[in-house]
Amino acid sequence: MRNILPYPVLTAALTVVWMLLNSFSLGHLLLGAVVAAGASRAMTALEPSKPRLRRWQLIPWLCGIVLIDIAKSNFAVASVILRRRARSPGFVSIPLELRDQTGLAVLACIVTSTPGTAWVEYDSATGELLIHVLDLVERQEWIDLIKNRYEATLREIFE
Amino acid sequence: MSATILVWSVTIAQLMLVVAMACNTYRLIRGPRAQDRVLCLDALYVNAMLLVLTFGIRTGSSLYFEAALVISLLGFISTVAFAKFLMRGEVIE
Amino acid sequence: MTHAEALPAWAALLTAFLVLVGASLTLIGAIGTLRFRTFFERVHAPTLGTSWGTGAIVLASSLLFSVLGSRLVFPELLIGVFVSITTPVTLMLLARATLYRERSEIASAAAPDLLEDPGDRPT
């Protein structure tokens, strides 16, 4: 099984994308599955690090809070832009304990796609993360947000 | 009645997106630095993609979806290439 | 717009609302790129359009075609997923490129001082 389908999740995701782009029918399911199996076998040549999902049940919950947080900060940033409110942009440096590559990638996507925060630099030797915050009122608040809300959940999922 | 509301709101939304693209183009021309221009080019790609999607809503044709997908793919690739170029290619003035 | 008449009222109104929300968020983001003064502030502005701006318009399109075809069609959601995955990558690369450029400008501005006293120059 390992030799035929080295990345089962990737194969399933590619099949779903194939069917979304064409149509949901038995023929496209078979064709898509063959293409996806070939593509995921080709992935082995790249030798990506295989992420281990320890507690995948938390993923829908994480998606939910991220969507709500993004909606909230959409309103916050929109009011900053429209009201020309005085703001204090600045860099915040956060010491991270998360070391898993996939977890860091997901955290980077969450931080950058939220309006108001942007991932700038991560030092893998020290685990120091530098983010830029548009409306920096309380530095500790942002550190707590990243560490407690996202990092803790991601560590539970990936480590 | 509701069809009229839909037509009007799609028209207003298209006007808003065109104004947004004009804002991005202004920043693209003004600069001041190369990274600002690349950032606005990326935003311009996304806004153009959204405009194509609203045309799809307006006409009820699903062909526009494919065009939007291609635009967003090209936008991603070109912005990544520009960012890499800024990091490695340019002589610092 | 003959297809709009075929829509039930709730679907037409919801589509209209979502399209307007998405377009106005995108417009506010574009105004933000004009108003902010520095690059690192401007990085935040387009994310309005790429997060819920794109999300709302994609949802509207998906809803319209689902109701019109009276079956669930989600290919538009593919665009939403694609944009929300790729935008952070481009913005991160741009932020790092900017940081790199600003640092090397500071370094090259300091270089003449080193040249005046060649004895101390680090090799």
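Each chain gets a letter, A, B and so on, in the order its sequence line appears, and its residues count up from 1.
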Quick one: which of [options] has the most heavy-atom pairs under 4.5 Å with chain C, could you say?
options: B:Leu44, B:Leu73, B:Val19, B:Ile12; value: B:Leu73
options: B:Val18, B:Thr79, B:Leu50, B:Asn24; value: B:Leu50
options: B:Asp36, B:Val80, B:Leu17; value: B:Asp36
options: B:Ala43, B:Ser72, B:Gly75, B:Ala68; value: B:Ser72
options: B:Tyr26, B:Phe82, B:Phe76; value: B:Phe76

Where do [X] and [Y] come nearest, in terms of heavy atoms and distance?
X: C:Ala60; Y: C:Val19; answer: CB-CG2, 3.6 Å
X: B:Thr54; Y: B:Leu51; answer: OG1-O, 2.6 Å
X: B:Ala83; Y: C:Leu93; answer: CB-CB, 3.7 Å
X: B:Arg30; Y: B:Arg37; answer: O-NH2, 3.7 Å

Per-residue contact mode, B:Val46 against chain C (heavy atom under 4.5 angstrom): side chain
B:Met21, part contacting chain C, at a heavy-atom distance under 4.5 Å: neither
B:Gln14 versus B:Arg58, side-chain donor and acceptor atoms under 3.5 Å: yes
Selection from C:Leu64, C:Leu99, C:Leu94 maximising heavy-atom pairs under 4.5 Å formed with chain B: C:Leu94
